[in-house]
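Structure, as C-alpha coordinates:
Each chain gets a letter, A, B and so on, in the order its sequence line appears, and its residues count up from 1. Because the structure is predicted, anything quoted here is derived from the model rather than measured.
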2 protein chains.
Amino acid sequence: MAGRSTQLNKIKGVIREQIVGGVLLPQQKLSSERELSDRFSTTRITIKDALTSLETEGLIYREERKGWFVSPPRIHYNPLSRSHFHQMIREQQRIAETKVVNVETVLATSDHAKVLERSDFPTVHLIRRLRYIDGRAVLFVENCLISELFPGILQENLTTSLTGLYKEKYGYTTSRSRFDVIPTAAPEHVAKSLGIAAGQQVLKICRVNYNQDEVIIDCEFEYWRPDSVVITIDSCEDCEKTSAY
Amino acid sequence: MAGRSTQLNKIKGVIREQIVGGVLLPQQKLSSERELSDRFSTTRITIKDALTSLETEGLIYREERKGWFVSPPRIHYNPLSRSHFHQMIREQQRIAETKVVNVETVLATSDHAKVLERSDFPTVHLIRRLRYIDGRAVLFVENCLISELFPGILQENLTTSLTGLYKEKYGYTTSRSRFDVIPTAAPEHVAKSLGIAAGQQVLKICRVNYNQDEVIIDCEFEYWRPDSVVITIDSCEDCEKTSAY
DNA sequence: AAGTGGTCTAGACCACCCC
DNA sequence: GGGTGGTCTAGACCACTTC
(Lines give C-alpha, C1' and ligand atoms only; values in the text may rest on other atoms or scores of the structure.)
Protein backbone atom coordinates (compact mmCIF):
# COMPACT_ATOMS: atom_id res chain seq x y z
CA MET A 1 0.00 0.00 0.00
CA ALA A 2 2.85 2.37 -0.82
CA GLY A 3 0.92 4.29 -3.43
CA ARG A 4 2.03 5.00 -6.95
CA SER A 5 5.73 4.54 -7.31
CA THR A 6 6.67 8.18 -7.63
CA GLN A 7 9.96 9.64 -6.54
CA LEU A 8 7.99 11.23 -3.70
CA ASN A 9 6.65 7.95 -2.43
CA LYS A 10 10.06 6.29 -2.62
CA ILE A 11 11.67 9.00 -0.55
CA LYS A 12 8.85 8.92 1.96
CA GLY A 13 9.13 5.16 2.17
CA VAL A 14 12.86 5.18 2.87
CA ILE A 15 12.66 7.82 5.57
CA ARG A 16 9.55 6.26 7.10
CA GLU A 17 11.33 2.92 7.41
CA GLN A 18 14.29 4.53 9.08
CA ILE A 19 11.99 6.06 11.65
CA VAL A 20 9.72 3.09 12.24
CA GLY A 21 12.72 0.77 12.22
CA GLY A 22 14.45 2.81 14.88
CA VAL A 23 17.45 3.88 12.79
CA LEU A 24 16.36 7.44 13.52
CA LEU A 25 15.39 8.13 17.10
CA PRO A 26 12.80 10.56 18.53
CA GLN A 27 13.96 14.18 18.46
CA GLN A 28 16.91 13.24 16.29
CA LYS A 29 17.62 15.64 13.45
CA LEU A 30 17.25 14.40 9.90
CA SER A 31 19.91 15.20 7.32
CA SER A 32 19.55 18.63 5.79
CA GLU A 33 17.30 19.13 2.80
CA ARG A 34 20.32 19.71 0.56
CA GLU A 35 22.04 16.57 1.76
CA LEU A 36 18.86 14.55 1.20
CA SER A 37 18.37 15.96 -2.27
CA ASP A 38 21.91 14.85 -3.14
CA ARG A 39 21.38 11.41 -1.67
CA PHE A 40 18.13 10.90 -3.59
CA SER A 41 19.42 12.65 -6.71
CA THR A 42 16.58 15.10 -6.77
CA THR A 43 15.79 18.72 -5.98
CA ARG A 44 15.08 20.40 -2.69
CA ILE A 45 11.47 21.00 -3.71
CA THR A 46 10.79 17.30 -4.07
CA ILE A 47 12.54 16.57 -0.79
CA LYS A 48 10.54 19.27 0.90
CA ASP A 49 7.31 17.81 -0.50
CA ALA A 50 8.25 14.40 0.89
CA LEU A 51 9.16 15.83 4.30
CA THR A 52 5.99 17.91 4.45
CA SER A 53 3.99 14.81 3.74
CA LEU A 54 5.71 12.88 6.54
CA GLU A 55 5.06 15.87 8.76
CA THR A 56 1.35 15.60 7.96
CA GLU A 57 1.47 11.95 8.94
CA GLY A 58 2.88 13.04 12.27
CA LEU A 59 6.18 11.19 11.86
CA ILE A 60 8.44 14.23 11.79
CA TYR A 61 8.26 17.89 12.74
CA ARG A 62 10.27 20.97 11.99
CA GLU A 63 11.90 23.71 13.96
CA GLU A 64 11.95 26.84 11.88
CA ARG A 65 15.27 27.27 10.14
CA LYS A 66 16.83 24.59 12.27
CA GLY A 67 15.77 21.43 10.54
CA TRP A 68 13.54 18.40 10.58
CA PHE A 69 13.30 16.06 13.56
CA VAL A 70 11.73 12.71 14.38
CA SER A 71 8.47 13.01 16.33
CA PRO A 72 8.34 11.35 19.75
CA PRO A 73 5.27 9.21 20.54
CA ARG A 74 2.08 11.21 20.96
CA ILE A 75 0.83 12.21 24.39
CA HIS A 76 -2.70 11.12 25.30
CA TYR A 77 -4.68 14.12 26.42
CA ASN A 78 -8.18 14.26 27.82
CA PRO A 79 -9.36 17.87 27.92
CA LEU A 80 -12.26 16.91 30.19
CA SER A 81 -10.06 15.43 32.84
CA ARG A 82 -9.06 17.99 35.42
CA SER A 83 -5.70 16.32 35.74
CA HIS A 84 -2.89 18.84 35.68
CA PHE A 85 -0.59 19.08 32.73
CA HIS A 86 2.52 18.16 34.67
CA GLN A 87 0.79 15.24 36.32
CA MET A 88 -0.63 13.99 33.03
CA ILE A 89 2.77 14.09 31.37
CA ARG A 90 4.46 12.43 34.32
CA GLU A 91 1.90 9.62 34.27
CA GLN A 92 3.00 8.95 30.71
CA GLN A 93 6.66 8.76 31.74
CA ARG A 94 7.59 11.99 30.06
CA ILE A 95 9.08 15.21 31.34
CA ALA A 96 7.00 18.39 31.48
CA GLU A 97 8.05 21.99 31.79
CA THR A 98 6.15 25.30 31.70
CA LYS A 99 7.43 28.78 30.95
CA VAL A 100 5.47 32.01 31.14
CA VAL A 101 5.67 33.87 27.83
CA ASN A 102 3.93 37.03 28.98
CA VAL A 103 1.09 38.33 31.09
CA GLU A 104 -1.16 41.32 30.64
CA THR A 105 -4.34 42.80 32.02
CA VAL A 106 -6.63 44.30 29.39
CA LEU A 107 -10.22 44.83 28.42
CA ALA A 108 -11.63 41.69 26.85
CA THR A 109 -11.65 41.74 23.06
CA SER A 110 -14.93 40.94 21.38
CA ASP A 111 -13.64 37.43 20.70
CA HIS A 112 -12.92 36.85 24.36
CA ALA A 113 -16.17 38.43 25.51
CA LYS A 114 -18.11 36.17 23.20
CA VAL A 115 -16.49 33.01 24.50
CA LEU A 116 -16.92 34.18 28.09
CA GLU A 117 -20.55 35.07 27.35
CA ARG A 118 -20.07 38.55 28.75
CA SER A 119 -21.54 41.39 26.75
CA ASP A 120 -19.98 43.97 29.12
CA PHE A 121 -16.37 43.40 27.99
CA PRO A 122 -14.85 42.73 31.42
CA THR A 123 -11.22 43.31 32.34
CA VAL A 124 -9.28 40.11 31.91
CA HIS A 125 -5.88 38.73 32.76
CA LEU A 126 -4.21 37.12 29.77
CA ILE A 127 -1.63 34.56 30.76
CA ARG A 128 0.38 33.12 27.90
CA ARG A 129 2.53 30.11 28.57
CA LEU A 130 4.58 27.60 26.70
CA ARG A 131 4.60 23.95 27.71
CA TYR A 132 7.36 21.52 26.93
CA ILE A 133 7.50 17.76 26.79
CA ASP A 134 10.96 16.22 27.00
CA GLY A 135 12.41 19.64 26.28
CA ARG A 136 10.36 20.25 23.14
CA ALA A 137 7.86 23.12 22.98
CA VAL A 138 4.60 21.44 22.02
CA LEU A 139 1.83 23.60 23.46
CA PHE A 140 1.11 27.30 23.55
CA VAL A 141 -1.69 28.23 25.97
CA GLU A 142 -3.44 31.50 26.48
CA ASN A 143 -5.64 31.70 29.56
CA CYS A 144 -8.13 34.50 29.78
CA LEU A 145 -9.35 35.02 33.36
CA ILE A 146 -12.07 37.43 34.40
CA SER A 147 -9.86 39.61 36.58
CA GLU A 148 -12.39 40.53 39.25
CA LEU A 149 -12.69 36.83 40.10
CA PHE A 150 -8.94 36.41 40.52
CA PRO A 151 -7.48 39.28 42.56
CA GLY A 152 -3.73 39.11 42.90
CA ILE A 153 -3.28 35.97 40.81
CA LEU A 154 -0.52 37.52 38.72
CA GLN A 155 1.70 37.61 41.80
CA GLU A 156 1.54 33.85 42.10
CA ASN A 157 3.81 31.27 40.53
CA LEU A 158 2.22 30.74 37.13
CA THR A 159 4.46 27.94 35.95
CA THR A 160 2.39 25.33 37.76
CA SER A 161 -1.25 24.38 37.33
CA LEU A 162 -3.73 27.25 37.14
CA THR A 163 -6.51 24.83 38.05
CA GLY A 164 -4.61 24.12 41.25
CA LEU A 165 -4.33 27.82 42.02
CA TYR A 166 -8.03 28.34 41.34
CA LYS A 167 -8.85 25.79 43.95
CA GLU A 168 -6.29 26.63 46.61
CA LYS A 169 -6.39 30.41 46.46
CA TYR A 170 -9.97 31.07 45.40
CA GLY A 171 -11.90 27.93 46.25
CA TYR A 172 -13.07 27.44 42.67
CA THR A 173 -13.52 23.96 41.39
CA THR A 174 -14.43 23.26 37.81
CA SER A 175 -17.84 21.64 37.68
CA ARG A 176 -18.10 21.66 33.96
CA SER A 177 -16.14 22.51 30.90
CA ARG A 178 -16.94 22.85 27.29
CA PHE A 179 -14.42 22.76 24.50
CA ASP A 180 -13.92 22.80 20.75
CA VAL A 181 -11.16 21.05 18.81
CA ILE A 182 -10.21 22.65 15.51
CA PRO A 183 -7.44 21.74 13.08
CA THR A 184 -6.18 25.06 11.76
CA ALA A 185 -3.11 27.16 11.06
CA ALA A 186 -0.95 28.69 13.78
CA PRO A 187 -1.44 32.45 14.29
CA GLU A 188 1.80 34.35 14.06
CA HIS A 189 2.56 34.87 17.76
CA VAL A 190 1.85 31.21 18.44
CA ALA A 191 4.02 30.02 15.58
CA LYS A 192 6.85 32.17 16.83
CA SER A 193 6.65 30.79 20.35
CA LEU A 194 6.42 27.19 19.22
CA GLY A 195 9.28 27.67 16.76
CA ILE A 196 7.21 26.67 13.77
CA ALA A 197 6.74 28.58 10.53
CA ALA A 198 3.72 30.88 10.44
CA GLY A 199 0.74 29.27 8.85
CA GLN A 200 1.65 25.72 9.75
CA GLN A 201 -0.85 23.26 11.05
CA VAL A 202 -1.77 23.19 14.75
CA LEU A 203 -4.54 21.61 16.75
CA LYS A 204 -6.46 24.39 18.43
CA ILE A 205 -8.55 23.70 21.52
CA CYS A 206 -10.82 26.39 22.93
CA ARG A 207 -12.05 25.64 26.39
CA VAL A 208 -14.50 27.37 28.70
CA ASN A 209 -14.52 26.52 32.40
CA TYR A 210 -17.41 26.89 34.83
CA ASN A 211 -16.99 26.95 38.60
CA GLN A 212 -19.14 25.07 41.09
CA ASP A 213 -21.83 27.76 40.79
CA GLU A 214 -22.03 27.33 37.01
CA VAL A 215 -20.36 30.70 36.48
CA ILE A 216 -17.88 31.00 33.63
CA ILE A 217 -14.58 31.90 35.28
CA ASP A 218 -12.09 31.64 32.46
CA CYS A 219 -11.45 30.42 28.99
CA GLU A 220 -8.38 28.98 27.42
CA PHE A 221 -6.90 28.71 23.96
CA GLU A 222 -4.52 25.85 23.45
CA TYR A 223 -2.40 25.35 20.36
CA TRP A 224 -0.75 21.94 20.09
CA ARG A 225 1.87 20.81 17.67
CA PRO A 226 -0.33 18.38 15.75
CA ASP A 227 2.09 15.45 15.89
CA SER A 228 2.49 15.66 19.65
CA VAL A 229 -0.94 14.70 20.86
CA VAL A 230 -3.97 12.48 20.55
CA ILE A 231 -7.18 13.64 22.18
CA THR A 232 -8.65 10.75 24.14
CA ILE A 233 -12.10 10.79 25.66
CA ASP A 234 -14.01 8.16 27.56
CA SER A 235 -17.64 9.04 28.21
CA CYS A 236 -17.80 6.75 31.19
CA GLU A 237 -14.65 7.87 32.91
CA ASP A 238 -15.53 11.51 32.45
CA CYS A 239 -18.92 11.15 34.00
CA GLU A 240 -17.45 9.45 37.01
CA LYS A 241 -14.81 12.10 37.37
CA THR A 242 -17.19 14.97 36.92
CA SER A 243 -19.69 13.66 39.41
CA ALA A 244 -16.91 12.98 41.89
CA TYR A 245 -16.24 16.70 42.14
CA MET B 1 -1.05 40.87 11.70
CA ALA B 2 -0.37 39.90 8.10
CA GLY B 3 3.12 38.61 8.73
CA ARG B 4 6.19 39.58 6.80
CA SER B 5 5.29 41.15 3.51
CA THR B 6 6.32 38.31 1.28
CA GLN B 7 4.75 37.52 -2.05
CA LEU B 8 3.18 34.54 -0.30
CA ASN B 9 1.51 36.62 2.36
CA LYS B 10 0.21 39.11 -0.20
CA ILE B 11 -1.41 36.38 -2.26
CA LYS B 12 -2.88 34.77 0.82
CA GLY B 13 -4.22 38.13 1.96
CA VAL B 14 -5.95 38.88 -1.33
CA ILE B 15 -7.61 35.50 -1.59
CA ARG B 16 -8.52 35.46 2.10
CA GLU B 17 -10.27 38.80 1.76
CA GLN B 18 -12.22 37.61 -1.24
CA ILE B 19 -13.46 34.67 0.80
CA VAL B 20 -14.15 36.48 4.07
CA GLY B 21 -15.70 39.38 2.16
CA GLY B 22 -18.06 37.06 0.33
CA VAL B 23 -16.75 37.71 -3.17
CA LEU B 24 -16.09 33.98 -3.34
CA LEU B 25 -18.88 31.79 -2.03
CA PRO B 26 -18.73 28.40 -0.28
CA GLN B 27 -17.99 25.53 -2.65
CA GLN B 28 -17.17 27.97 -5.43
CA LYS B 29 -14.12 27.06 -7.47
CA LEU B 30 -11.10 29.36 -7.37
CA SER B 31 -9.32 30.32 -10.57
CA SER B 32 -6.86 27.70 -11.77
CA GLU B 33 -3.32 27.73 -10.44
CA ARG B 34 -2.01 28.85 -13.84
CA GLU B 35 -4.49 31.67 -14.04
CA LEU B 36 -3.60 32.81 -10.51
CA SER B 37 0.11 32.67 -11.23
CA ASP B 38 -0.47 34.94 -14.23
CA ARG B 39 -2.60 37.32 -12.24
CA PHE B 40 -0.04 37.60 -9.43
CA SER B 41 2.92 37.51 -11.83
CA THR B 42 4.49 34.57 -10.12
CA THR B 43 5.00 30.84 -10.55
CA ARG B 44 2.69 27.97 -9.90
CA ILE B 45 4.89 26.82 -7.01
CA THR B 46 4.38 30.04 -5.11
CA ILE B 47 0.65 29.99 -5.84
CA LYS B 48 0.47 26.42 -4.67
CA ASP B 49 2.29 27.34 -1.45
CA ALA B 50 -0.21 30.12 -0.82
CA LEU B 51 -3.18 27.87 -1.54
CA THR B 52 -1.79 25.08 0.65
CA SER B 53 -1.42 27.56 3.47
CA LEU B 54 -5.02 28.73 3.12
CA GLU B 55 -6.02 25.08 3.04
CA THR B 56 -4.26 24.58 6.39
CA GLU B 57 -6.23 27.50 7.79
CA GLY B 58 -9.38 25.72 6.71
CA LEU B 59 -10.50 28.43 4.29
CA ILE B 60 -10.26 26.38 1.10
CA TYR B 61 -10.05 22.73 0.13
CA ARG B 62 -9.09 20.83 -2.97
CA GLU B 63 -10.62 18.14 -5.09
CA GLU B 64 -7.86 16.11 -6.64
CA ARG B 65 -7.15 17.26 -10.18
CA LYS B 66 -10.31 19.33 -10.22
CA GLY B 67 -9.27 22.45 -8.42
CA TRP B 68 -9.50 24.52 -5.28
CA PHE B 69 -12.79 25.46 -3.65
CA VAL B 70 -14.02 27.70 -0.85
CA SER B 71 -14.74 25.81 2.37
CA PRO B 72 -18.29 26.01 3.73
CA PRO B 73 -18.71 26.74 7.47
CA ARG B 74 -17.57 23.93 9.74
CA ILE B 75 -20.06 21.45 11.16
CA HIS B 76 -20.14 21.10 14.94
CA TYR B 77 -19.73 17.47 15.86
CA ASN B 78 -19.92 15.85 19.26
CA PRO B 79 -18.66 12.27 19.02
CA LEU B 80 -20.13 11.48 22.45
CA SER B 81 -23.61 12.43 21.47
CA ARG B 82 -25.53 9.51 20.08
CA SER B 83 -27.29 11.80 17.68
CA HIS B 84 -27.38 10.36 14.19
CA PHE B 85 -25.28 11.89 11.45
CA HIS B 86 -28.24 12.87 9.31
CA GLN B 87 -30.07 14.37 12.27
CA MET B 88 -27.00 16.27 13.41
CA ILE B 89 -26.47 17.76 9.97
CA ARG B 90 -30.15 18.61 9.57
CA GLU B 91 -30.12 20.40 12.92
CA GLN B 92 -27.41 22.62 11.51
CA GLN B 93 -29.47 23.45 8.44
CA ARG B 94 -27.29 21.45 6.09
CA ILE B 95 -28.00 18.54 3.79
CA ALA B 96 -26.62 15.10 4.56
CA GLU B 97 -26.18 12.08 2.34
CA THR B 98 -24.60 8.65 2.86
CA LYS B 99 -23.30 6.20 0.29
CA VAL B 100 -21.98 2.72 0.93
CA VAL B 101 -18.49 2.33 -0.56
CA ASN B 102 -18.12 -1.38 0.09
CA VAL B 103 -18.83 -4.09 2.61
CA GLU B 104 -16.91 -7.21 3.50
CA THR B 105 -16.79 -9.94 6.12
CA VAL B 106 -13.29 -10.91 7.16
CA LEU B 107 -11.17 -12.04 10.08
CA ALA B 108 -10.21 -9.07 12.22
CA THR B 109 -6.76 -7.73 11.53
CA SER B 110 -4.47 -7.32 14.50
CA ASP B 111 -5.25 -3.60 14.48
CA HIS B 112 -8.96 -4.24 14.71
CA ALA B 113 -8.59 -6.97 17.29
CA LYS B 114 -6.57 -4.66 19.48
CA VAL B 115 -9.13 -1.88 19.39
CA LEU B 116 -11.94 -4.37 20.02
CA GLU B 117 -9.94 -5.89 22.87
CA ARG B 118 -10.36 -9.37 21.41
CA SER B 119 -7.28 -11.55 21.35
CA ASP B 120 -9.16 -14.27 19.42
CA PHE B 121 -9.37 -12.34 16.13
CA PRO B 122 -13.14 -12.58 15.62
CA THR B 123 -14.90 -12.41 12.26
CA VAL B 124 -15.99 -8.87 11.58
CA HIS B 125 -18.17 -7.02 9.13
CA LEU B 126 -16.39 -4.02 7.64
CA ILE B 127 -18.80 -1.39 6.40
CA ARG B 128 -17.19 1.50 4.56
CA ARG B 129 -19.32 4.51 3.83
CA LEU B 130 -18.93 7.99 2.53
CA ARG B 131 -20.88 10.88 4.04
CA TYR B 132 -21.70 14.08 2.25
CA ILE B 133 -22.66 17.51 3.47
CA ASP B 134 -24.33 19.76 0.91
CA GLY B 135 -23.12 17.41 -1.79
CA ARG B 136 -19.49 17.44 -0.73
CA ALA B 137 -17.79 14.26 0.48
CA VAL B 138 -16.42 15.17 3.90
CA LEU B 139 -16.28 11.97 5.90
CA PHE B 140 -15.09 8.44 5.22
CA VAL B 141 -16.22 5.96 7.87
CA GLU B 142 -15.23 2.38 8.38
CA ASN B 143 -17.33 0.46 10.89
CA CYS B 144 -16.01 -2.80 12.19
CA LEU B 145 -18.74 -4.92 13.77
CA ILE B 146 -18.20 -8.20 15.55
CA SER B 147 -20.21 -10.31 13.14
CA GLU B 148 -21.63 -12.82 15.61
CA LEU B 149 -23.36 -9.94 17.37
CA PHE B 150 -24.98 -8.66 14.18
CA PRO B 151 -26.45 -11.56 12.19
CA GLY B 152 -27.92 -10.47 8.89
CA ILE B 153 -27.07 -6.81 9.24
CA LEU B 154 -25.54 -6.64 5.77
CA GLN B 155 -28.98 -7.23 4.28
CA GLU B 156 -30.27 -4.05 5.86
CA ASN B 157 -30.25 -0.56 4.44
CA LEU B 158 -26.84 0.73 5.46
CA THR B 159 -27.23 4.27 4.22
CA THR B 160 -29.00 5.34 7.40
CA SER B 161 -27.79 5.30 10.98
CA LEU B 162 -26.06 2.15 12.17
CA THR B 163 -26.75 3.16 15.75
CA GLY B 164 -30.43 3.18 14.87
CA LEU B 165 -30.18 -0.32 13.40
CA TYR B 166 -28.30 -1.58 16.45
CA LYS B 167 -31.18 -0.51 18.61
CA GLU B 168 -34.12 -1.50 16.47
CA LYS B 169 -32.89 -4.83 15.14
CA TYR B 170 -30.65 -6.03 17.98
CA GLY B 171 -31.75 -4.10 21.04
CA TYR B 172 -28.28 -2.68 21.63
CA THR B 173 -27.96 0.77 23.08
CA THR B 174 -24.63 2.44 23.51
CA SER B 175 -23.97 2.98 27.17
CA ARG B 176 -20.50 4.26 26.73
CA SER B 177 -18.02 5.16 24.07
CA ARG B 178 -14.42 5.96 24.02
CA PHE B 179 -12.64 7.76 21.23
CA ASP B 180 -9.37 9.24 20.07
CA VAL B 181 -8.92 12.26 17.83
CA ILE B 182 -5.74 12.34 15.76
CA PRO B 183 -4.60 14.80 13.12
CA THR B 184 -2.84 12.70 10.53
CA ALA B 185 -2.52 11.95 6.82
CA ALA B 186 -5.20 10.19 4.79
CA PRO B 187 -4.47 6.55 3.98
CA GLU B 188 -4.68 5.83 0.28
CA HIS B 189 -8.13 4.25 0.09
CA VAL B 190 -9.56 7.06 2.20
CA ALA B 191 -7.95 9.76 0.11
CA LYS B 192 -9.32 8.16 -3.02
CA SER B 193 -12.87 8.06 -1.70
CA LEU B 194 -12.78 11.61 -0.36
CA GLY B 195 -11.26 12.86 -3.60
CA ILE B 196 -8.18 14.28 -1.91
CA ALA B 197 -4.56 13.65 -2.78
CA ALA B 198 -2.93 10.79 -0.91
CA GLY B 199 -1.04 11.96 2.13
CA GLN B 200 -3.12 15.03 2.77
CA GLN B 201 -4.28 16.04 6.18
CA VAL B 202 -7.40 14.51 7.72
CA LEU B 203 -8.84 14.40 11.20
CA LYS B 204 -9.02 10.78 12.26
CA ILE B 205 -11.41 9.68 14.98
CA CYS B 206 -11.25 6.15 16.34
CA ARG B 207 -14.25 5.20 18.36
CA VAL B 208 -15.16 2.12 20.40
CA ASN B 209 -18.75 1.51 21.40
CA TYR B 210 -20.01 -0.52 24.34
CA ASN B 211 -23.55 -1.84 24.64
CA GLN B 212 -25.73 -1.69 27.75
CA ASP B 213 -23.86 -4.70 29.18
CA GLU B 214 -20.48 -3.00 28.82
CA VAL B 215 -19.54 -5.32 25.96
CA ILE B 216 -17.60 -3.86 23.05
CA ILE B 217 -19.82 -4.34 20.03
CA ASP B 218 -18.07 -2.36 17.33
CA CYS B 219 -15.45 0.17 16.54
CA GLU B 220 -15.34 2.89 13.99
CA PHE B 221 -12.70 4.80 12.09
CA GLU B 222 -13.76 8.19 10.88
CA TYR B 223 -11.70 10.35 8.55
CA TRP B 224 -12.93 13.93 8.25
CA ARG B 225 -11.82 16.57 5.82
CA PRO B 226 -10.09 18.81 8.36
CA ASP B 227 -11.76 22.03 7.25
CA SER B 228 -15.25 20.58 7.50
CA VAL B 229 -15.61 20.02 11.20
CA VAL B 230 -15.05 21.26 14.72
CA ILE B 231 -15.26 18.74 17.53
CA THR B 232 -17.43 20.19 20.29
CA ILE B 233 -17.77 18.62 23.70
CA ASP B 234 -19.67 19.72 26.77
CA SER B 235 -18.96 17.67 29.85
CA CYS B 236 -22.28 18.58 31.38
CA GLU B 237 -24.44 17.84 28.39
CA ASP B 238 -22.77 14.51 27.77
CA CYS B 239 -23.34 13.32 31.28
CA GLU B 240 -27.00 14.16 31.05
CA LYS B 241 -27.32 12.44 27.71
CA THR B 242 -25.45 9.35 28.78
CA SER B 243 -27.44 8.93 31.95
CA ALA B 244 -30.68 9.51 30.06
CA TYR B 245 -30.12 6.30 28.10
C1' DA C 1 31.47 32.46 8.08
C1' DA C 2 29.13 28.50 6.96
C1' DG C 3 25.03 26.10 6.95
C1' DT C 4 20.02 25.76 7.54
C1' DG C 5 15.30 26.16 6.04
C1' DG C 6 11.99 29.79 3.78
C1' DT C 7 10.85 31.77 -0.40
C1' DC C 8 10.97 32.25 -5.29
C1' DT C 9 11.85 31.84 -10.62
C1' DA C 10 10.89 29.52 -15.13
C1' DG C 11 10.21 26.15 -17.00
C1' DA C 12 8.67 20.61 -17.94
C1' DC C 13 5.96 16.13 -18.33
C1' DC C 14 2.25 13.23 -16.56
C1' DA C 15 -2.39 11.42 -14.90
C1' DC C 16 -6.74 12.46 -14.78
C1' DC C 17 -11.24 15.20 -15.43
C1' DC C 18 -14.58 17.25 -18.30
C1' DC C 19 -16.36 18.23 -22.61
C1' DG D 1 -8.50 17.29 -26.77
C1' DG D 2 -7.89 20.92 -23.81
C1' DG D 3 -7.50 22.09 -19.12
C1' DT D 4 -6.58 20.79 -14.32
C1' DG D 5 -3.71 19.72 -10.51
C1' DG D 6 0.36 16.38 -9.22
C1' DT D 7 5.05 15.83 -9.70
C1' DC D 8 9.60 17.21 -10.92
C1' DT D 9 14.11 19.78 -12.58
C1' DA D 10 17.86 23.20 -11.77
C1' DG D 11 18.83 26.69 -10.24
C1' DA D 12 18.62 31.53 -7.00
C1' DC D 13 18.56 34.88 -2.94
C1' DC D 14 17.23 35.79 1.83
C1' DA D 15 16.62 35.40 7.05
C1' DC D 16 18.14 33.17 10.55
C1' DT D 17 20.92 29.75 13.46
C1' DT D 18 25.10 27.82 14.84
C1' DC D 19 29.80 27.85 15.44
In this structure, how many angstroms lie between the C1' atom of dT4(D) and the OH atom of Y61(B), rounded?
16 Å
Is it the case that over 12 heavy atoms from other parts of the model lie below 6.0 angstrom from the CD1 atom of I95(B)?
no
Looking at L24(B), V23(B), I15(B), which one forms a side chain to side chain contact (heavy atoms under 4.5 Å, CB included) with V70(B)?
L24(B)
Side-chain donor-acceptor contact under 3.5 Å, E91(A) with H76(A)
no
Between P of dG3(C) and CG of L36(A), the distance in whole Å:
16 Å
In whole angstroms, the gap separating P of dA2(C) from CD of E35(A) amounts to 18 Å
Within 45 degrees of the axis of the six-membered ring of F69(A) and under 6.0 Å from its centre: does R136(A) put its NZ or CZ there?
no
What is the distance, rounded to the nearest whole Å, between atom CZ of R62(B) and atom C1' of dC16(C)?
15 Å
Nucleotide dT7(D), atom C1' - distance to CD of E33(B) in whole Å
11 Å
Do other residues, nucleotides or ligands put more than 12 heavy atoms under 6.0 Å from the NZ atom of K114(B)?
no
Testing R16(B), Q18(B), E17(B) one by one against V20(B) for a side chain to side chain contact (heavy atoms under 4.5 Å, CB included), which residue passes?
R16(B)
Check DNA chain D against residues 50-59 of chain B and give the residues with a non-hydrogen atom under 4.0 Å, in numerical order.
none
Spacing between I47(B) atom CD1 and dG6(D) atom P, to the nearest angstrom:
14 Å
Below 3.5 Å is the cut-off: list the nitrogen or oxygen pairs between protein and nucleotides 15-19 of chain D, distance only.
from	atom 1	to	atom 2	distance (Å)
dA15(D)	N3	R65(A)	NH1	3.1

Does any pair with a residue in residues 98-107 of chain A pass side-chain hydrogen bond (donor to acceptor under 3.5 Å, both in side chains), and if so which ones, sequence neighbours excluded?
H86(A)-T98(A), T98(A)-R131(A), N102(A)-R128(A), E104(A)-R128(A), T105(A)-H125(A)
Write out a two-atom table: protein N or O, nucleotide N or O from nucleotides 8-13 of chain C, distance below 3.5 Å.
from	atom 1	to	atom 2	distance (Å)
dC8(C)	OP1	Q7(B)	N	2.6
dC8(C)	OP1	L8(B)	N	3.4
dC8(C)	OP2	L8(B)	N	3.0
dT9(C)	OP2	T42(B)	OG1	2.1
dT9(C)	OP2	T43(B)	N	3.4
dT9(C)	OP2	T46(B)	OG1	3.2

What's the verdict on side chain to side chain contact (heavy atoms under 4.5 Å, CB included) for T46(A) and D49(A), showing C-alpha distance, side-chain angles and the deciding distance?
CA-CA 5 Å; T46(A) 301; D49(A) 282 349; 5.6 Å; no
Any K48(B) side-chain nitrogen or oxygen under 4.0 Å from OP1 or OP2 of dG5(D)
no
Can you name the nearest heavy-atom pair linking C144(A) to L116(A), along with the distance?
SG-CD1, 3.9 Å
For a quick test of your reading: what N or O donor-acceptor pairs under 3.5 Å do the side chains of residues 190-204 of chain A make, sequence neighbours left out?
from	atom 1	to	atom 2	distance (Å)
S193(A)	OG	H189(A)	O	3.4
Q200(A)	OE1	R62(A)	NE	2.8
Q200(A)	OE1	R62(A)	NH1	3.2
Q200(A)	OE1	R62(A)	NH2	2.9
Q200(A)	NE2	E55(A)	OE2	3.4

Could you tell me how far apart I196(A) (CD1) and dG5(C) (C1') are, to the nearest whole angstrom?
15 Å
Contacts of type salt bridge (Lys or Arg N to Asp or Glu O under 4.0 Å), residue E156(B), not counting sequence neighbours
K169(B)
Taking NZ from K192(B) and C1' from dG6(D), how many angstroms apart are they, rounded to a whole number?
16 Å
